[in-house]
Amino acid sequence: MSDKVFRLYDSLSRTVKPLVTQEPNHLRFYSCGPTVYSYAHIGNFRSFITSDLIVRTARALGWKVTWVSNITDVGHLTQDDVADAGGEDKMERALRSKEGEHFNNVWELAEYYAEAYRNDWARLNLTEPEIRPKATQHVREQILATNELIEKGHAYETPTGVYFSVESFPNYGRLSGNTRDNLMDAVRDVVLDDNKRDQADFAVWKKDDKHLMQWYSPFGWGFPGWHIECSVMARAYLGDTIDLHSGGEDNKFPHHECEIAQSEALTGKQFCDHWVHTRFLLVGGEKMSKSKGNFYTVRDIFERGIEPLALRLALMSTHFNKELNFTEQTLADAAGNIQRMKRADAAADAALEAARLGPDELGETLATLYDEALDAMCHDINTSVALAKALEGAKSISREADKLSLASATSAKKFLDQINDLLGIVRGVAEVPVPVAETKVDEALILSKIEERTAAKKAKDFAKADEIRNELLAMGIELRDTPNGVEWSAKS
RNA sequence: GGUGCCGUGCCCAAGUGGCCUAAGGGGAUGGUCUGCAAAACCGUUAUUCGCCGGUUCGAAUCCGGCCGGCACCUCCA
């Protein structure tokens with residue numbers, strides 16, 4: 001068990017403070033997952049990777065972690081804002097869209113995108129949460145919670161649904177600054193709904209017997225509000241009070257603000273004392289949005305033949321509480337760094353096999369570097385420094401690549417294993433098939449050309465050798481003469 | 001109206017008042033290797049941290065003011 005202190009920026013107190021757990025060395029952690037109405041985009045995963053890194057750091061400290069990350073498959077509305085839970089359900093809208101035509105019903109659509117999400121998750125090498133609950137699996141608890149809120153005087157029924165009374169919860173607005181009064185002053189137009197006692201009140205249950213996903217409740221047919229699902233699932237798996245809660249910055253309001261209000265109104269206890277919100281990702285200096293045409297799903301990037309770990313590294317290259325401007329350069333830099341890590345790993349493997357005699361010349365240096373990397377992670381998930389340490393270690397391994405003793409190689413391997421556990425940037429998990437970029441190369445032709453060139457080189461006909469090399473280059477094939485023979489790869 | 005973030009070399013980016021004459025990556029540029037390349041590896045690359053004041057023995061780091069950029073409270077993590 002490490003005696004290091006794990007410090008994390010908390011958006012509730014707006015300070016960096018130690019992450020304390022109720023039960024020593026056991027972190028109870030809830031992070032908001034996606035609404036599965038489409039493929040996850042790279043911004044979604046930046047936020048998930050923050051959670052992943054927190055979990056990895058906690059485990060590296062020897063903590064036990066119970067991580068719950070939900071999947072929202074009902075109730076997340078297109079205009080789930082302060083004025084009212086308005087708009088339509090995202091799942092329903094998705095079914096009506098062009099992509100939605102592939103599905104027989106909204107349930108199939110949800111399952112398809114949930115599966116795609118888990119697949120992206122694995123490729124990006126995120127650790128698996130202990131529990132991945134779905135909102136639709138917990139509707140009964142949501143109904144019970146709704147009832148309980150009414151009984152306790154925190155919610156009331158109207159002809160359109162059940163609403164949470166913001167006035168009944170004085171702490172409302174503590175997280176986001178959007179107190180009831182501030183909301184009233186908001187510049188945004190407020191949609192008036194005469195059914196609500198107060199325009200700041202938000203929906204806990206929506207009455208709707210036309211909805212594609214509906215359940216029977218004491219309030220008739222309908223479906224649960226978006227916020228109540230997380231209140232209920234966090235409580236079901238982690239108890240009344242949890243240690244840490246995370247999500248994207250847009251979750252802060254209204255989602256998390258409402259979640260706190262509901263949970264604390266239900267239990268009378270503090271819901272969560274430590275909140276982490278990952279800031280948005282910009283693409284080309286602008287907010288990523290479908291309308292601007294700079295919107296990328298994780299799959300879009302993979303389909304270009306980009307190494308998934310490179311995307312992972314690119315997404316974790318900047319602190320979570322700072323916007324990340326995602327560019328081609330970010331991705332290219334990350335890809336280069338992943339190569340460095342992999343080269344060091346390959347060098348260590350080779351040296352392990354060669355089993356050369358000699359002292360361990362790396363052990364001490366690498367142990368220090370790992371310790372510094374872990375320190376960096378404990379200092380508010382400082383990925384930049386942790387990565388720098390990882391690369392420094394990789395460098396010192398690669399530097400001696402061909403001379404590493406068995407003892408050094410063993411130390412090198414240990415370091416790379418530790419770094420991989422902490423940052424997940426050395427080896428991907430089980431090879432998830434990745435779509436190959438459309439190189440469509442004629443391998444036989446290339447090999448014969450290479451052979452031809454090798455013969456020319458042997459005959460010292462370098463002009464011809466160079467000619468063949470240029471010919472291949474024009475085809476997009478790059479050659480490298482290495483001690484182990486000629487290597488080739490598609491030029492990126 | 002509310003809530004936050006950021007301005008550090010050509011680019012990305014760390015920096016927890018003194019070990020900062022400021023990590024790390026990219027690029028550029030020398031070199032080793034190579035028939036030449038490529039790749040790899042080894043060097044070099046900010047007396048300076050948006051601007052102006054202040055606190056301090058000492059500030060990129062704290063305080064105040066100014067200038068500039070951005071985000072959330074719409075779709076969206």
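A, B, ... follow the sequence lines: proteins, then strands. Residue 1 opens every chain.
The interatomic distance linking A/Lys460 (NZ) with B/C36 (C1') rounds to 12 Å, in whole Å. If you measure from atom CZ of A/Arg453 to atom P of B/G35, you get 11 Å, rounded to the nearest angstrom. In this structure, A/Asp380 places its CG atom 13 Å from C1' of B/C5, rounding to the nearest Å. Rounded to whole Å, the distance from CE on A/Met316 to C1' on B/A14 is 14 Å. To the nearest angstrom, C1' of B/A71 lies 13 Å from CG of A/Asn325. If you take CZ of A/Arg14 and C1' of B/C5, they are 13 Å apart, rounded to a whole angstrom. Across the protein-nucleic acid pair, A/Leu315 atom CG and B/A13 atom P stand 14 Å apart, rounded to whole Å. Note: CG (A/Asn321) to C1' (B/C72) measures 12 Å, nearest angstrom.
One finds a side-chain N or O of A/Lys322 lying less than 4.0 angstrom from the OP1 or OP2 phosphate oxygen of B/A14.
With sequence neighbours left out, the side chain to side chain contact (heavy atoms under 4.5 Å, CB included) criterion links A/Phe295 to A/His41, A/Met288, A/Lys290, A/Thr297. For A/Lys17, the salt bridge (charged side-chain N to carboxylate O under 4.0 Å, His left out) criterion is met by A/Asp10, A/Asp273, not counting sequence neighbours. Take A/Asp300 and apply the salt bridge (charged side-chain N to carboxylate O under 4.0 Å, His left out) test, not counting sequence neighbours, and it matches no residue. Qualifying salt bridge (charged side-chain N to carboxylate O under 4.0 Å, His left out) partners for A/Arg453, counting only residues two or more places apart in sequence or in other chains: A/Asp481. Residues passing the side chain to side chain contact (heavy atoms under 4.5 Å, CB included) test with A/Asp466, sequence neighbours excluded: A/Arg469. Annotation: salt bridge (charged side-chain N to carboxylate O under 4.0 Å, His left out) contacts of A/Asp461 (sequence neighbours excluded): none. Under the rule for a side-chain hydrogen bond (donor to acceptor under 3.5 Å, both in side chains), A/Ser398 has no partner lying at least two apart in sequence or in another chain.
Annotation: B/A60 and B/C41 have their P atoms spaced 35 Å apart (nearest Å). Between B/U61 and B/C70, the distance separating the two C1' atoms is 22 Å to the nearest Å. Separating the P atom of B/C52 from that of B/A59 is a span of 15 Å, rounded to the nearest Å. Between B/G15 and B/C62, the two C1' atoms lie 15 Å apart (nearest whole Å). Rounded to a whole angstrom, the distance from the P atom of B/U55 to that of B/U21 is 23 Å. Taking atom P in both B/U34 and B/G27, one finds a spacing of 24 Å when rounded to whole Å. Distance noted for atom C1' between B/A38 and B/U45: 24 Å (whole Å). Look at the C1' atom in both B/A46 and B/U32: the space between them is 28 Å, to the nearest Å.
Judged by Watson-Crick or G-U wobble contacts below 3.5 Å, the nucleotide B/U34 has no partner. A 3.5 Å limit on both hydrogen-bonding distances identifies no Watson-Crick or G-U partner for B/A59. For B/C51, the paired nucleotide is B/G65, the pair qualifying as Watson-Crick or G-U wobble because both relevant distances are below 3.5 Å. Remark: B/G17 base-pairs with no nucleotide; criterion is Watson-Crick or G-U wobble with both hydrogen-bond distances under 3.5 Å. Judged by Watson-Crick or G-U wobble contacts below 3.5 Å, the nucleotide B/G1 has B/C73 as its partner.
Considering only the side chain of A/Tyr9, B/C5 comes nearest among B/A14, B/C72, B/C5. The side chain of A/Phe462 lies closest to B/G35, out of B/G35, B/C72, B/A14. The side chain of A/Leu282 lies closest to B/A71, out of B/A71, B/G35, B/A77.
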Please list, for nucleotides 16-18 of chain B, all pairs of protein and nucleotide N/O atoms separated by less than 3.5 Å.
none

For nucleotides 40-45 of chain B, which of its nitrogen or oxygen atoms have a protein nitrogen or oxygen under 3.5 Å away, and what is each distance?
| unit_1 | atom_1 | unit_2 | atom_2 | d |
| --- | --- | --- | --- | --- |
| B/C42 | OP1 | A/Arg399 | NH1 | 2.9 |

Which atom pairs, one a donor and one an acceptor, fall under 3.5 Å between side chains of residues 332-341 of chain A and the rest of the protein, sequence neighbours left out?
| unit_1 | atom_1 | unit_2 | atom_2 | d |
| --- | --- | --- | --- | --- |
| A/Asp333 | OD1 | A/Gln329 | NE2 | 2.7 |
| A/Asn337 | ND2 | A/Asp333 | O | 3.4 |

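Residue A/Leu391 is classed as a sugar-phosphate contact, given heavy-atom separations below 4.0 Å to backbone atoms only. Nucleic acid contact for A/Leu175: none, since no nucleic acid atom lies under 4.0 Å from a heavy atom of the residue. Here A/Thr50 lies out of heavy-atom contact (under 4.0 Å) with every strand.
Between the side chain of A/His41 and the base of B/A77, at least one donor-acceptor pair of N or O atoms lies under 3.5 Å. Residue side chain A/Arg469 reaches the base of B/C36 through a donor-acceptor N/O pair under 3.5 Å, judged by distance alone.
With hydrogens and angles disregarded, no donor-acceptor distance shorter than 3.5 Å links the side chain of A/Arg180 to the backbone of A/Asp198. Side-chain atoms of A/His255 do not come within 3.5 Å of backbone N or O of A/Cys32 as any donor-acceptor pair.
Mapped onto RNA chain B by nearest heavy atom, A/Arg279 and A/Ala388 fall at different nucleotides, with A/Arg279 at the one closer to the 5' end. Nearer to the 5' terminus of RNA chain B, by closest-nucleotide assignment, is the contact made by A/Ala465 (compared with the other of A/Gly43 and A/Ala465).
Near RNA chain B, defined here as any heavy-atom distance below 4.0 Å, the residues from residues 328-337 of chain A are A/Gln329, A/Asp333, A/Asn337, listed numerically.
Side-chain rings of A/Tyr113 and A/Tyr39 approach one another, their centers coming within less than 6.0 Å. For A/His245 and A/His256, the ring centers are positioned less than 6.0 Å apart.
A salt bridge (charged side-chain N to carboxylate O under 4.0 Å, His left out) check over residues 112-122 of chain A, counting only residues at least two apart or in different chains, returns the pairs A/Glu111-A/Arg118, A/Glu115-A/Arg118, A/Asp120-A/Arg299.
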Taking it one step at a time, do A/Asp375 and A/Tyr370 satisfy side chain to side chain contact (heavy atoms under 4.5 Å, CB included)?
CA-CA 8 Å; A/Asp375 275 343; A/Tyr370 173 71; over 6 Å; no

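Residue A/Ser408 forms a side chain to side chain contact (heavy atoms under 4.5 Å, CB included) with just one option from A/Leu366, A/Ile397, A/Leu352, A/Leu362, and that option is A/Leu362.
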